[in-house]
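In the text below, chain A, chain B and the rest are named by the order of the sequence lines, each starting its count at 1. Just so it is clear, the model here is predicted, and its values are computed rather than measured. All values below were derived from every heavy atom in this structure, side-chain atoms included, with hydrogens, water molecules and symmetry-related copies excluded.
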Amino acid sequence: MKLERDFYERNDVVKIAQDLLGKTLVTSLNGQYTAGKITELEAYAGRDDKACHANDGLRTKRTEAMYWQGGTAYVYLCYGIHHLFNVVTNREGLADAVLIRAIEPLEGLELMQARRKKPKPDKTLSSGPGTLSAALGINTQQHYGLDLLGDTIWIEDAPAVRKSDRVVSTRIGVEYAEEDALKPWRFYLKDTKWVSKKLKEDKVM
DNA sequence: AATTAGATGTTCT
DNA sequence: GAACATCTAATTA
């Protein structure tokens, strides 16, 4: 079952991020179907979070979609090369988003390998925010601001992940955000290899 | 195994 | 011009 608008429009990105862990991210592009289980993600809040692109009401051509209604795709170009996929949450005007950082491939493996030019479906296929987007065929040109309740990109429901199977850490690559860099807003599944960076000791929250 | 360089668009200084 | 929610291949040890 496809996740509905009210799932995304809740007023708590961190809770939504936790709920999104283990769900299935699907893309159907010109009849090409690929799907993967969300194994790692991070929450970004539009207010009181210096790591967020839309912090302090910052509104640019790039961040515009973060202000749209929950259940919108926010795709942006990182380091001029990688297309990072985010799920916009909260109501229109409140710029929260969840960055999907890794997936475990479930369907369309051959297609993902072809897109990534990988002979084998090992963990480098989709364990990282840039690589998963490439594997699923997501890019800024075609998918920026897309509605996730449509039939191009959407998220399928899946059984909730137990707290004890969820690891918490600080977010990756946000050292510039000063005190907000310490926020424990990155989550990943404990028993999966499909994660960009594992902690030495898993922390559960 | 760990570190480094090179790829390069958008945004801000 | 600098920094950036990154990845890969090459280099060093």
*Asks:* So, the side chain of A/Arg116 versus the backbone of A/Thr124: is there a donor-acceptor pair under 3.5 Å, distance only?
*Replies:* yes
*Asks:* Among residues 77-90 of chain A, which contact DNA chain C at a heavy-atom distance under 4.0 Å?
*Replies:* A/Cys78, A/Tyr79, A/His82, A/Leu84, A/Asn86
*Asks:* Whole angstroms only, please: what is the CG-P distance between A/Leu132 and C/dT8?
*Replies:* 12 Å
*Asks:* Tell me whether the OP1 or OP2 atom of C/dA5 has a side-chain N or O from A/Tyr176 closer than 4.0 Å.
*Replies:* yes
*Asks:* In whole angstrom, give the distance that lies between atom CG of A/Asp56 and atom P of B/dC12.
*Replies:* 12 Å
*Asks:* Would you kindly give the OH-to-C1' distance between A/Tyr74 and B/dT11, to the nearest whole Å?
*Replies:* 10 Å
*Asks:* With no hydrogens and no angle check, is any side-chain donor or acceptor of A/Asn139 less than 3.5 Å from a backbone partner on A/Gln142?
*Replies:* yes
*Asks:* Tell me whether A/Ser133 contacts the main-chain N or O of A/Ile138 through its side chain, where contact means a donor paired with an acceptor under 3.5 Å.
*Replies:* no
*Asks:* When all nucleic acid strands are considered with a 4.0 Å heavy-atom cut-off, which category describes A/Arg186: base, sugar-phosphate, or nothing?
*Replies:* nothing
*Asks:* By nearest nucleotide on DNA chain C, pick out whichever of A/Val174 and A/Arg116 is the more 5' one.
*Replies:* A/Val174
*Asks:* Should A/Asp56 and A/Lys50 count as an ion pair when the cut-off is N to O under 4.0 Å?
*Replies:* no
*Asks:* Within 45 degrees of the ring normal and closer than 6.0 Å to the centroid, is that where the cationic atom of A/Arg10 sits relative to A/Phe7?
*Replies:* yes
*Asks:* Can you measure A/Lys61 atom NZ to B/dC12 atom P for me and round it to whole angstrom units?
*Replies:* 13 Å
*Asks:* Starting at atom CG of A/Leu58, determine the distance to atom P of B/dT10, rounded to an integer number of angstrom.
*Replies:* 16 Å
*Asks:* Tell me whether A/Arg5 at atom CZ has more than 12 heavy atoms from other residues, nucleotides or ligands lying less than 6.0 Å away.
*Replies:* yes
*Asks:* When the distance from CG of A/Asn55 to C1' of B/dC12 is rounded to whole Å, what number comes out?
*Replies:* 15 Å
*Asks:* Choose from C/dC7, B/dC12, B/dT10 the nucleotide whose nearest atom is closest to any side-chain atom of A/Thr131.
*Replies:* C/dC7
*Asks:* Does any nucleotide pair with B/dC12 by Watson-Crick or G-U wobble geometry, both distances under 3.5 Å, and what is it?
*Replies:* C/dG1
*Asks:* Measure from CD on A/Glu175 to C1' on C/dA5 and round the result to the nearest Å.
*Replies:* 10 Å
*Asks:* Work out how far the C1' atom of B/dT3 is from that of C/dA5, and round it to whole angstrom.
*Replies:* 22 Å
*Asks:* Please tell me whether A/Asn90 and A/Asn11 have a donor and an acceptor in their side chains that are separated by less than 3.5 angstrom.
*Replies:* yes
*Asks:* Could you check how far NZ of A/Lys197 sits from P of B/dA1, rounded to whole Å?
*Replies:* 17 Å
*Asks:* Could you tell me whether A/Arg171 contacts a base, only the sugar-phosphate backbone, or nothing, with contacts defined as non-hydrogen atoms closer than 4.0 Å?
*Replies:* nothing
*Asks:* In terms of side-chain geometry, is the basic nitrogen of A/Lys2 or A/Asp157 positioned less than 4.0 Å from the acidic oxygen of its partner?
*Replies:* no
*Asks:* Looking only at atom types and distance, does a side-chain atom of A/Lys118 sit under 3.5 Å from a main-chain N or O of A/Gln113, one as donor and one as acceptor?
*Replies:* no
*Asks:* For A/Thr140, report the nucleic acid contact type (base, sugar-phosphate, nothing); a contact means any heavy atom under 4.0 Å.
*Replies:* nothing
*Asks:* Check the surroundings of atom NZ in A/Lys183: do more than 12 heavy atoms from other residues, nucleotides or ligands lie under 6.0 Å from it?
*Replies:* yes
*Asks:* What parts of residues 92-111 of chain A reach DNA chain C, counting only heavy atoms under 4.0 Å away?
*Replies:* A/Leu99, A/Arg101
